[in-house]
Amino acid sequence: MLTKLRRFVEDNQDAVYSLFRRFQGDGRNLILGSEIWDEFLRFCKENGHEYLLDSPLAEALKKSQEATIVDPWLYLDIRPRVARWLYVRYHFESMSFEEVSTAEFLAFKENLVNDSYNIPILEIDFNPFERNFPKMNQSRSIGHGVEFLNRRFSTKLTNELAQGEEPLLAFLKVHGYQDVSFMINNKIDSTADLRRALIRGMEYLDKQPPDREWPDLAHDLRVLGFEPGWGRTIEGIRISMSLLADLLEAPDHEILEQFLARIPMIFNVVILSPHGFFGQEHVLGRPDTGGQVVYILDQVRALEREMQKRIYNQGLDFTPQILIITRLIPDSEGTTCSYPVEQVHGTDNASIVRIPFRNHDGTIIPHWISRFQVWPYLEEFSREAEKEILARLGRRPDLIIGNYSDGNLVAYLLARSLEVTMCTIAHALEKTKYLYSALYWKDMEEQYHFSCQFTADLIAMNSADFIISSTFQEIAGSSDVVGQYESYSSFTMPGLQRIIHGVDVFDPKFNIVSPGADEETYFSYTENDMRLYGLHGELEDLIYGSAQADSRGELADKDKPLLFSMARLDHIKNLTGLVQWYGENPELQELSNLLIIGGTTNPDYSGDNEEREQVLRMHEIIDTYNLESKVRWLGVRLDKKLSGELYRYVADRKGVFVQPAYFEAFGLTVIEAMVSGLPTFATCFGGPLEIIEHGRSGFHIDPNHGDKATQVMLDFFQKCAEDPNYWETISAQGRQRVAERYTWKLYAKRLLTLTCIYGFWKFSTNLEREETNRYLEMLYHLQFRHRAEQMRNVG
Ligand code: UDP
Ligand code: LCN
């Protein structure tokens, strides 16, 4: 792209100069990609320069994320392909055009921020530490890290075996639990021994009655060199042995994955989720308490089931244990968040363990604090968590999973201290949610403390053994939109740090493992036998009844279908936007009622600034458009059974679900609504872009263009009027989409398999990344810790 572009600029100097001067015209220093393109189109039209539209310049401008202008320079950051970046600059006087390095580009950008001009700044670059580390090349490989590693390393394994090295043998020897050794004993000393033992083992199994199980065979197999862990039934043991025999003969990535997934390695898992109100009832919908809590509780149930199944099939009799470590909040507002321990419903041995945030003098912070304010408390929290974990498990966990920036940082501290495999899950990275959150971080610092958060993100992402993301776009976006993780690849925070290479989305640590919706709560409205019809009276009251304690509006016409939306009342969820679109569109009002569940209707009940501001805005819109008889807004916290039945109740009445967020990292409500059978209209920014196939399993709407979004809904109602089956067609296709892709069962299998595989590669290769970890330690101590402590001093 660059060579062609440079040549084109040289050959068309007048046009290029006029265009770039025009960008500079309105005096702004930063112009967004979409504005660049619109301005370019206007320029071509007004000046009769249509020939430019099909030129390398047009291509570059279409792919530009931003123009940064400080006379006499104009810089463009171009993203020619997914997760690939190119930086160029143009000099207005000499009309020269050239490529610049990432560092030069970022340094130039810093000029936009007062008092940052030419001030030396800490440069952070992870690249030198990762030079010898295998990276993927193709963007379609992004998010499939484990497949890449398996392919790459099975070749390595072949070579090692050929050279007489014994990586598999060494790995098999390290496993055991509670004084029981697994897999092989000292009778097997070399790969040659192992091969022989496997042949004899399989011959022995052939001669046994098929209904025999491990305890009947244990003695004889032990004599051959085998310990428990191979399987419970003869068939199971035989499969494990033959997989290993095949691997020793010719390593193959698929066999390797199947074999590693069968080795007993995971008995205890620790999950970190410090912030918010983490509980099982009456917490959802509060500020900061949403999908992450639902995700973790469902994840834990699915993980426990899969761990139990695997351990049983491995022929072992251990009980797996899962600990969710969160924050204890003494002023728990009627929730269980003040309880130090709580069993997770629907599990045998999973609990929520709560640890308080403390001041330096040891006193406990009594009240809820926003996720943006938690940074000073995490180090002490993690020290206390470590003691609690060791006391409860009696040993180190086998896997530590962090959630969100704060949980991921604590996971880093714990995994480092306990030397355990670490996985992180972002849920929603804040960096892409707020425009210029890095560049103008100082302006937002008082409220958001991004200096801590983005540093913590860098530390956690780089130290994780593997990272789970819910969708591809979360990692690397799409051809037009930058991915959430990708946004950490390079950025600058003037006055604090310049990140030259922060995170590499081509790193094989990234894996897409999508969550699901709890099948016992969220299922199709057509499943009559499972439906909770007993709750319909309560739902009717909630939706159509007279005003309640925390509600606004009373629906006058009960026969219209409902446009339903449910979310936390955050600005980014854009519930107020949806009410405004509805208010502005009489046709939509004629066709439907609007049901909003979110936040509270009383601003005095809210302890969160953003929520309070949204509450006031919502009232204002309802007043302005006189929607009292068309909108029902409930500030309630429904229990899970009720919210599950609510989706179906709305579906019974041929309603739809709308998710109008400016950005949604994944969107659990979207899959809950789809699986319940509600035709779903969801934002085109974030997870829903990938979850929904537009026009088939639902619809995308653009939150920035309310008129277009409402048109998509009107078109849908129009089609339903023309074709009585249309509603059901979209409903059925939505249900099918979720059943195929978004289930907790698939999730749990994949997560456990990934843990086994990363554990193996970490053991037998240089995945340990010791150099990177040393660098991260400096970043933590010299940068993060200092900023976090400053927050405490400010108050
Ligand atoms: N939810 C709820 N009551 C509310 C708001 C949300 O029960 O008032 C639940 C919703 O059913 C979903 C989760 O909270 O399970 C929200 O998850 P999502 O991923 O949609 O958004 P998040 O809040 O995590 O940004
Ligand atoms: C946080 C979000 O903002 C949602 O988009 C996700 O669905 C949720 O976490 C669960 O990962």
Side-chain angles (χ1 to χ4, degrees), residues 271 273 275-299 371 401-408 424-430 432-433 467-471 473-474 484 512-518 521-522 542 550-551 564-575 595-601 606 608 610-611 614 633-648 650 657-676 678 680 682-683 685-691 742 744 747:
I271 299 179
S273 181
H275 77 254
F277 277 92
F278 195 112
Q280 304 189 73
E281 279 107 26
H282 311 305
V283 295
L284 294 179
R286 289 168 181 271
D288 294 0
T289 305
Q292 183 172 325
V293 173
V294 178
Y295 180 117
I296 294 171
L297 291 171
D298 288 346
Q299 172 200 42
R371 66 189 189 281
I401 306 177
N403 291 277
Y404 188 72
S405 307
D406 56 348
N408 291 336
T424 62
I425 305 175
H427 292 287
L429 293 166
E430 302 295 342
T432 39
K433 280 199 206 165
I467 295 178
I468 283 186
S469 95
S470 298
T471 57
Q473 65 75 37
E474 184 181 341
Q484 291 173 66
I512 302 165
V513 189
S514 307
D518 172 17
T521 308
Y522 304 105
L542 274 172
D550 202 339
S551 80
F564 169 39
S565 194
M566 173 166 72
R568 290 177 292 112
L569 204 51
D570 258 15
H571 165 76
I572 198 126
K573 295 289 183 184
N574 195 27
L575 287 182
L595 170 64
I596 300 285
I597 298 193
T600 166
T601 58
S606 179
D608 181 79
E610 226 178 84
E611 188 182 61
Q614 288 293 300
W633 170 26
L634 297 167
V636 291
R637 317 220 182 282
L638 303 181
D639 87 31
K640 229 175 141 187
K641 294 273 170 244
L642 204 60
S643 75
E645 192 57 29
L646 172 59
Y647 286 109
R648 296 184 288 271
V650 177
F657 187 77
V658 190
Q659 212 285 13
Y662 289 116
F663 181 80
E664 186 61 63
F666 180 72
L668 287 175
T669 53
V670 173
I671 56 172
E672 290 164 5
M674 285 167 73
V675 83
S676 307
L678 278 174
T680 299
T683 179
F685 295 111
L689 186 68
E690 218 164 300
I691 300 171
Y742 304 104
W744 283 111
Y747 176 100

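Counting starts at 1 for both ligands and their atoms, following the listed order. The structure displayed is predicted, hence computed values, not measured ones. Position 1 is the first residue of the sequence; numbering continues from there.
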Closest to atom 10 (C) of ligand 1 (judged by heavy-atom distance), picking from E672, R637, Q292: E672
Residues forming a salt bridge (Lys or Arg N to Asp or Glu O under 4.0 Å) with K433, sequence neighbours excluded: E430
Any N/O pair F666/ligand 2 closer than 3.5 Å: yes
Heavy-atom closest contact (L668 atom, P515 atom, distance): CD2-CG, 4.2 Å
Top protein contact for atom 24 (O) of ligand 1, by heavy-atom distance: G291 N, 2.6 Å
Within-cut-off N or O pair, L668 and ligand 1, under 3.5 Å: yes
Per-atom contacts, ligand 2 versus L668 - under 4.0 Å to a heavy atom: 7 (O)
Residues K640, D518: salt bridge by 4.0 Å N-O rule: yes
Backbone or side-chain N or O of G598 under 3.5 Å from ligand 1 N or O: no
is_close_aromatic(Y295, Y404), centroid dist under 6.0 Å: no
Enumerated ligand 2 atoms positioned under 4.0 Å from heavy atoms of A665: 5 (O)
Main-chain N/O of F277 paired to T289 side chain as donor or acceptor, under 3.5 Å: yes
Ring center gap for Y742 and F666 short of 6.0 angstrom: yes
Nearest non-hydrogen protein atom, atom 20 (O) of ligand 1: T669 N, 3.1 Å
Subset of ligand 2 atoms that lie under 4.0 Å from at least one heavy atom of A428: 3 (O)
Protein heavy-atom partner closest to atom 2 (C) of ligand 1 - residue, atom, separation in Å: L284 CB, 3.6 Å
Residue portion contacting ligand 1 (non-hydrogen atoms closer than 4.0 Å) for V294: side chain
With H282 via ring-ring contact (aromatic ring centres under 6.0 Å, His included) - residues at least two apart: none
Result of checking V636, I597, I596, L634 against S551 for side chain to side chain contact (heavy atoms under 4.5 Å, CB included): L634
Least distance between heavy atoms, A517 atom then E672 atom: CB-CG, 4.2 Å
H275-D406 side chain donor-acceptor pair, cut-off 3.5 Å: yes
contact_flag S643 ligand 1 heavy-atom lt 4.0 Å: no
Top protein contact for atom 7 (O) of ligand 2, by heavy-atom distance: G667 N, 2.9 Å
Heavy-atom nearest neighbour in the protein, as seen from atom 4 (C) of ligand 2, with distance rounded to 0.1 Å: E664 OE2, 3.1 Å
Top protein contact for atom 11 (O) of ligand 2, by heavy-atom distance: H427 ND1, 2.7 Å
Distance filter under 4.0 Å to K573 heavy atoms, resulting ligand 1 atoms: 21 (O), 22 (P), 23 (O), 25 (O)
Minimum heavy-atom distance between Q473 and A665, given as atom pair plus value: NE2-O, 3.3 Å
Aromatic contact, F685 with F663 (centres under 6.0 Å): no
Y295 contact mode with ligand 2 (heavy-atom cut-off under 4.0 Å): side chain
Atom 23 (O) of ligand 1 [closest protein heavy-atom partner, distance rounded to 0.1 Å]: R568 NE, 2.8 Å
Top protein contact for atom 3 (N) of ligand 1, by heavy-atom distance: M566 SD, 3.7 Å
Where A673 and T680 come nearest, the two heavy atoms and their spacing: CB-OG1, 3.7 Å
Atoms in ligand 1 with a heavy atom of E664 nearer than 4.0 Å: 21 (O), 25 (O)
Ligand 2 contacted by S470 (non-hydrogen, < 4.0 Å): no
Heavy-atom nearest neighbour in the protein, as seen from atom 8 (O) of ligand 1, with distance rounded to 0.1 Å: G285 CA, 3.6 Å
